Number of protein chains: 2
Amino acid sequence: MDHAPAPLRLSEQLCEKIEEQIVTGLLRPGARLDEQELAAAFGVSRTPIREALIQLASAGLVDMRPRRGAVVAEIEPHRLCEMFDVMAELEAMCARLAARRISEQEIVALRDAHQACESARDADNPDAYYWLNELFHRQIYMASHNGFLAEQAISLHRRLRPYRRLQLRVRNRMKVSYSEHQSIVDAIVAGDGERAAELIRGHIQVQGERFTDLVASVRQLSSPAA
Amino acid sequence: MDHAPAPLRLSEQLCEKIEEQIVTGLLRPGARLDEQELAAAFGVSRTPIREALIQLASAGLVDMRPRRGAVVAEIEPHRLCEMFDVMAELEAMCARLAARRISEQEIVALRDAHQACESARDADNPDAYYWLNELFHRQIYMASHNGFLAEQAISLHRRLRPYRRLQLRVRNRMKVSYSEHQSIVDAIVAGDGERAAELIRGHIQVQGERFTDLVASVRQLSSPAA
DNA sequence: TTGATCAAACGTGTATACACGTTAGGATTC
DNA sequence: GAATCCTAACGTGTATACACGTTTGATCAA
């Protein structure tokens with residue numbers, strides 16, 4: 001599908017690799033990102049590392065303080081809630097548009113993605129569910145037929161990844177999530193945009209609300225010393 | 001307000017300068033951004049220029065093609081409409097939240113900003129109106145009391161600047177815009193979030209719709225040769 | 001012992017140098 | 001005369017070198 005023959009630029013590859021380490025939690029929020037250290041670790045010079053860090057800083061995953069080095073961005077609980085509120089609104093917009101514009105093919109794809117989530121739920125496999133859930137939501141983004149909106153949604157979704165991931169461990173979360181998905185699919189297929197928007201807004205916001213509880217532990221993780 | 005003592009990094013300053021040249025139209029969409037040329041023009045080396053371009057590329061104002069140089073991003077008409085749709089939704093969200101959360105002080109500030117627009121309208125000064133309009137909208141962003149949302153709105157607003165600017169030249173646009181502002185202020189102060197959201201959504205979307213007409217001329221500007 | 005001051009090491013920010021892909025121009029061939 | 005191939009110049013991508021601010025450790029004074 002992605003027929004780009006080669007990234008061809010080290011900066012891009014490094015950007016993805018470092019982002020991977022951030023979202024998987026290998027690099028914790030607040031961790032220093034020493035340019036020389038990273039350069040040595042990846043076997044390249046500082047130049048492409050710097051360029052990768054600048055990109056990640058623009059994306060909000062890294063915080064660069066002048067002359068004082070870069071660190072993995074620490075998102076305080078309050079801001080995290082704000083971000084989830086915006087995410088909820090973006091997804092609501094996607095759902096509203098999707099209800100009006102989704103094609104027959106896309107309906108099939110959406111139902112397939114939904115079905116796949118069911119399998120992961122039944123297998124009680126949070127990691128699988130995490131990925132399949134992401135694919136499910138992307139189907140809705142695409143069905144909005146607004147490419148820019150879809151990009152924004154994907155971008156913010158990525159940024160929230162490390163925090164979202166914890167959610168699925170909550171008891172019964174997968175089952176509740178799946179049943180919410182069902183209602184959303186029904187509303188979209190029925191062409192009821194307002195209902196679909198309202199449902200998915202709640203679906204996302206509940207995660208933000210629950211974070212009010214979880215953030216404490218996250219904060220503990222990111223600042224062990226103090 | 002912004003108590004940052006000094007940007008201290010050339011990359012940042014160059015980023016702003018180049019962005020300025022893009023949004024003011026000095027650098028037209030599609031224009032090549034030769035690193036050596038820019039470096040010579042600003043009297044610096046290629047390194048900070050590259051870093052500035054990477055930031056601008058992340059922001060979407062510049063398009064970097066591997067090994068083939070950077071150009072000012074060309075936004076095709078279709079995508080521009082998509083961006084205005086998202087902008088409308090972001091502003092609607094700001095207005096909805098603002099109606100619930102705005103403080104007495106912020107109401108005063110909002111009315112002041114609105115009043116300032118009136119002066120520019122009466123003076124029939126589109127350039128002044130352009131800036132005051134921006135300040136007016138920012139008051140609403142801030143009143144949403146969602147810092148992340150406000151940042152996103154400001155960011156997208158900046159990106160749409162070069163295209164938005166043309167709008168005010170349209171006959172009677174300033175008068176219509178001002179009267180729409182009035183209704184929006186009333187709805188927010190009255191605490192009617194849904195009405196405020198609906199009004200501002202229309203206020204923004206009408207710009208996107210009108211662009212369907214204007215884009216032809218924009219396209220002509222950006223690609224004189226063919 | 002604790003506090004402040006200073007100096008050296010460290011790391012970022014910028015400049016320069018080099019390598020490779022891209023592109024444009026000219027020569028050659030059909 | 002037009003198209004293609006080759007070649008050389010150009011510009012990007014990466015590496016290296018250097019300058020300056022920041023930080024840290026030690027020394028000295030109270």
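Everything numeric here is computed off the predicted structure, so don't read it as measured data. Note: hydrogens, waters and symmetry copies are ignored here, and every other heavy atom, side chains too, is used. To find a chain, count down the sequence lines: A is the first, B the second, and so on, and within it residues start at 1.
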Q) Under 4.0 angstrom, heavy atoms only, what part of the nucleic acid is B:Glu35 near: base, sugar-phosphate, or nothing? A) sugar-phosphate

(Q) Using a 3.5 Å distance criterion without hydrogens, assess whether the side chain of A:Glu82 forms a donor-acceptor pair with backbone atoms of B:Phe148. (A) yes

Q: Rounded to the nearest angstrom, tell me the gap between atom CZ in B:Arg50 and atom C1' in C:dG13.
A: 16 Å

(Q) Ring-plane angle category for A:His137 and A:His157, please: parallel below 30°, perpendicular beyond 60°, tilted otherwise. (A) tilted

Q: Rounded off to whole Å, could you give me the CD-to-P distance for the B:Glu51 and C:dA15 pair?
A: 10 Å

Q. Atom CD of A:Glu12 and atom C1' of D:dG13: how far apart are they, to the nearest Å?
A. 12 Å

(Q) By nearest heavy atom, map B:Gly69 and A:Thr47 onto DNA chain D; which one lands nearer the 5' end? (A) B:Gly69

Q | Atom pair distance, as rounded to whole Å: CZ in B:Arg32 and P in C:dT22 | A | 14 Å

(Q) Tell me the interatomic distance from B:Arg65, atom CZ, to D:dT12, atom P, rounded to whole angstroms. (A) 10 Å

(Q) Using the side-chain heavy atoms of A:Arg67, tell me which of these nucleotides is nearest: D:dT22, D:dG13, C:dT14. (A) D:dT22

Q: Over 60° means perpendicular and under 30° means parallel, so classify the ring planes of B:His114 and B:Phe136, tilted if in between.
A: tilted

Q) Within this structure, what is the CD1-to-P distance between A:Ile49 and D:dG13, rounded to whole angstrom? A) 16 Å

Q. Whole Å only: how far is the CG atom of A:Leu33 from the C1' atom of C:dG13?
A. 17 Å

(Q) Rounded to the nearest 0.5 Å, what separates atom CG in B:Leu80 from atom CD in B:Glu74? (A) 12.0 Å

Q) Rounded to the nearest Å, what distance is computed from the CG atom of residue B:Asp34 to the P atom of nucleotide C:dT22? A) 17 Å

Q) Hey, is the side chain of A:Arg68 poking within less than 4.0 Å of OP1 or OP2 on D:dG21, counting only N and O atoms? A) no

Q) Does B:Arg46 make a side-chain donor-acceptor contact with the base of D:dG13, cut-off 3.5 Å? A) yes

